[in-house]
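Report on one structure; see the data block that follows.
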Amino acid sequence: CSVEYSKQRLQNRFNQIKNKNRNSLQNKKGSRKKTALIAIADGVEETEFIAVFDVLRRAGIEVTVASANVRAGLKVKSTNGAIFLASKTIDNAVASTYDLIVVPGGHENAVSLGENKKLVAALRKQKAEGRWIASVCAGPALVLGKNGLLEGEVATTYPSQAYEMFIPDKSRINDRVVVSNKIISSRAPGTALECGLEIVARLIDSKTADSIRQELLIKA
């Protein structure tokens with residue numbers, strides 16, 4: 001009986017810690033829930049997509065996942081064959097305004113997103129109006145850099161000449177996560193959780209980001 005009671009106490013404590021950040025925004029009087037759009041297409045790097053999605057949701061951010069696939073509708077197939085079901089198409093999603101737009105990597109995905117005129121227009125508007133943009137791996141190069149969204153910024157991308165050519169040497173920083181004005185860029189699947197935490201620190205606060213870092217056992 002005492003063992004079962006101890007287990008229940010531990011479970012209750014775990015749930016309290018897990019839900020702390022999700023409830024923090026609602027507990028602040030007058031606070032508005034932050035919103036994010038994550039754009040994906042076939043060939044998305046699933047780790048980069050899911051890692052950022054997970055961290056944002058833990059922080060209580062309302063996330064819309066939008067598919068840029070023209071023929072497959074809401075279904076998106078990742079680089080390793082996982083199937084995701086988006087909540088909206090890009091065409092429908094960009095009719096709304098978000099505090100943040102996220103562009104994950106994966107070569108095929110980044111090429112598709114970089115050629116999607118409605119998404120690129122939304123990203124340009126996002127930057128012009130001073131709202132946040134985040135991108136990982138091939139995204140900073142093939143979506144942001146290729147479409148002129150990194151002019152006047154510094155950024156990082158996956159360490160490959162095929163991507164680095166879209167970010168001039170003087171503007172490229174080979175750090176795991178780079179913040180330049182309202183643009184956050186990151187390098188690879190292995191840096192995606194760090195990117196998510198940086199987003200939370202900037203969009204909400206560092207205390208929330210640190211709490212999630214501890215929850216996920218990520219070294220500072």
Side-chain angles (χ1 to χ4, degrees), residues 18-28 31-69 73-78 82-106 109-110 112-113 116 118-120 122-123 125-127 129 131-137 139-140 143-144 177 179 182-186 189 191-213 215-216 218:
K18 186 175 182 179
N19 293 325
K20 181 179 178 181
N21 292 313
R22 294 179 182 176
N23 296 330
S24 62
L25 292 179
Q26 288 81 355
N27 292 335
K28 294 178 181 178
S31 64
R32 179 183 67 82
K33 195 167 189 178
K34 299 295 185 180
T35 60
L37 169 66
I38 302 182
I40 60 175
D42 283 347
V44 65
E45 216 305 325
E46 54 265 79
T47 302
E48 295 164 9
F49 162 44
I50 290 298
V52 174
F53 175 89
D54 180 272
V55 173
L56 298 188
R57 289 298 300 125
R58 288 174 189 267
I61 296 171
E62 184 178 301
V63 180
T64 298
V65 178
S67 167
N69 286 347
L74 299 177
K75 286 187 178 181
V76 174
K77 187 176 182 179
S78 75
I83 303 296
F84 299 109
L85 186 65
S87 51
K88 292 184 178 182
T89 63
I90 285 290
D91 288 5
N92 291 330
V94 297
S96 300
T97 298
Y98 304 88
D99 297 297
L100 165 76
I101 297 179
V102 180
V103 178
N109 168 75
S112 295
L113 297 183
N116 188 290
K118 291 194 175 182
L119 175 62
V120 172
L123 288 166
K125 183 180 179 183
Q126 188 84 353
K127 183 177 180 180
E129 295 180 353
R131 294 191 299 274
W132 287 98
I133 295 171
S135 189
V136 187
C137 196
V143 182
L144 305 185
V177 180
V179 181
K182 289 295 185 75
I183 295 180
I184 301 171
S185 56
S186 190
T191 67
L193 282 172
E194 296 167 56
C195 183
L197 291 170
E198 188 64 46
I199 291 170
V200 171
R202 302 287 176 161
L203 205 59
I204 301 179
D205 55 47
S206 58
K207 184 178 179 181
T208 302
D210 287 342
S211 182
I212 296 171
R213 183 191 300 276
E215 179 185 335
L216 296 178
I218 300 171

TODO: Using a 4.5 Å cut-off on heavy atoms from C-beta on, say whether the side chain of Trp132 contacts that of Val179.
DONE: yes
Task: Smallest separation among heavy atoms of Cys195 and Val177, with atom names - done: N-CG2, 3.9 Å
Task: Residue pair Val120 / Asn116, side-chain heavy-atom distance below 4.5 Å - done: no
Task: Gap between atom CD1 of Ile133 and atom CD1 of Ile199 - 0.5 Å precision - done: 11.5 Å
Open item on the list: Can you tell me how far apart CG (Leu37) and CD (Glu62) are? Round to the nearest 0.5 Å.
Closed with: 11.5 Å
Task: Value rounded to 0.5 Å, distance of NZ in Lys182 from CZ in Arg202 - done: 10.5 Å
Open item on the list: Applying ring-ring contact (aromatic ring centres under 6.0 Å, His included), can you list everything that pairs with Phe53, at least two apart in sequence or on another chain?
Closed with: none
- [ ] Any chance you could measure Glu215, atom CD, to Ile218, atom CD1, to the nearest 0.5 Å?
- [x] 9.5 Å
Task: Minimum side-chain heavy-atom gap Val94-Lys125 below 4.5 Å - done: no
Task: Tyr98 (side chain) donor-acceptor with Gln126 (main chain) under 3.5 angstrom - done: no
Open item on the list: Which heavy atom of Asn109 sits nearest to which heavy atom of Pro104, and what is that distance?
Closed with: ND2-O, 3.0 Å
Task: Worked verdict on Leu203 versus Leu56 for side chain to side chain contact (heavy atoms under 4.5 Å, CB included) - done: CA-CA 10 Å; Leu203 205 59; Leu56 298 188; 5.7 Å; no
Task: Partners passing side chain to side chain contact (heavy atoms under 4.5 Å, CB included) against Ile83 (at least two apart in sequence or in another chain) - done: Lys77
Open item on the list: My understanding is that only residues two or more places apart in sequence, or in another chain, count here; which of them pass salt bridge (Lys or Arg N to Asp or Glu O under 4.0 Å) with Asp54?
Closed with: Arg58
TODO: Could you tell me which non-hydrogen atom of Glu46 sits nearest to which non-hydrogen atom of Ala82, and how far apart they are?
DONE: OE2-CB, 4.3 Å
Task: Reported OG-to-CD distance for the pair Ser135 and Glu48, which is rounded to 0.5 angstrom - done: 8.5 Å
Open item on the list: With a 3.5 Å distance limit and no angle check, can you tell me whether Asp91 reaches the backbone of Lys118 through a side-chain donor-acceptor pair?
Closed with: no
TODO: Looking only at non-hydrogen atoms, find the nearest pair between Ala39 and Leu113 and report the distance.
DONE: O-CD1, 3.5 Å
Task: Side-chain heavy atoms of Leu100 within contact of Ile61, under 4.5 Å - done: no
- [ ] Start with the C-alpha gap between Val65 and Phe84, add the side-chain angles, then the distance that decides, and say whether side chain to side chain contact (heavy atoms under 4.5 Å, CB included) holds.
- [x] CA-CA 10 Å; Val65 178; Phe84 299 109; over 6 Å; no
Open item on the list: Determine whether Val136 and Glu45 satisfy the following criterion, side chain to side chain contact (heavy atoms under 4.5 Å, CB included), listing intermediate values before the conclusion.
Closed with: CA-CA 9 Å; Val136 187; Glu45 216 305 325; over 6 Å; no
Task: From Glu198 atom CD to Thr191 atom OG1, the distance as rounded to the nearest 0.5 Å - done: 11.5 Å
TODO: Locate the shortest heavy-atom distance separating Lys33 from Asp99; write the atom from each residue and the value.
DONE: O-OD2, 4.3 Å
- [ ] Locate the shortest heavy-atom distance separating Ile212 from Val55; write the atom from each residue and the value.
- [x] CD1-O, 3.9 Å
TODO: Only one of Ser78, Cys137, Pro189 passes side-chain contact (heavy atoms from CB on, under 4.5 Å) with Thr47; say which it is.
DONE: Pro189
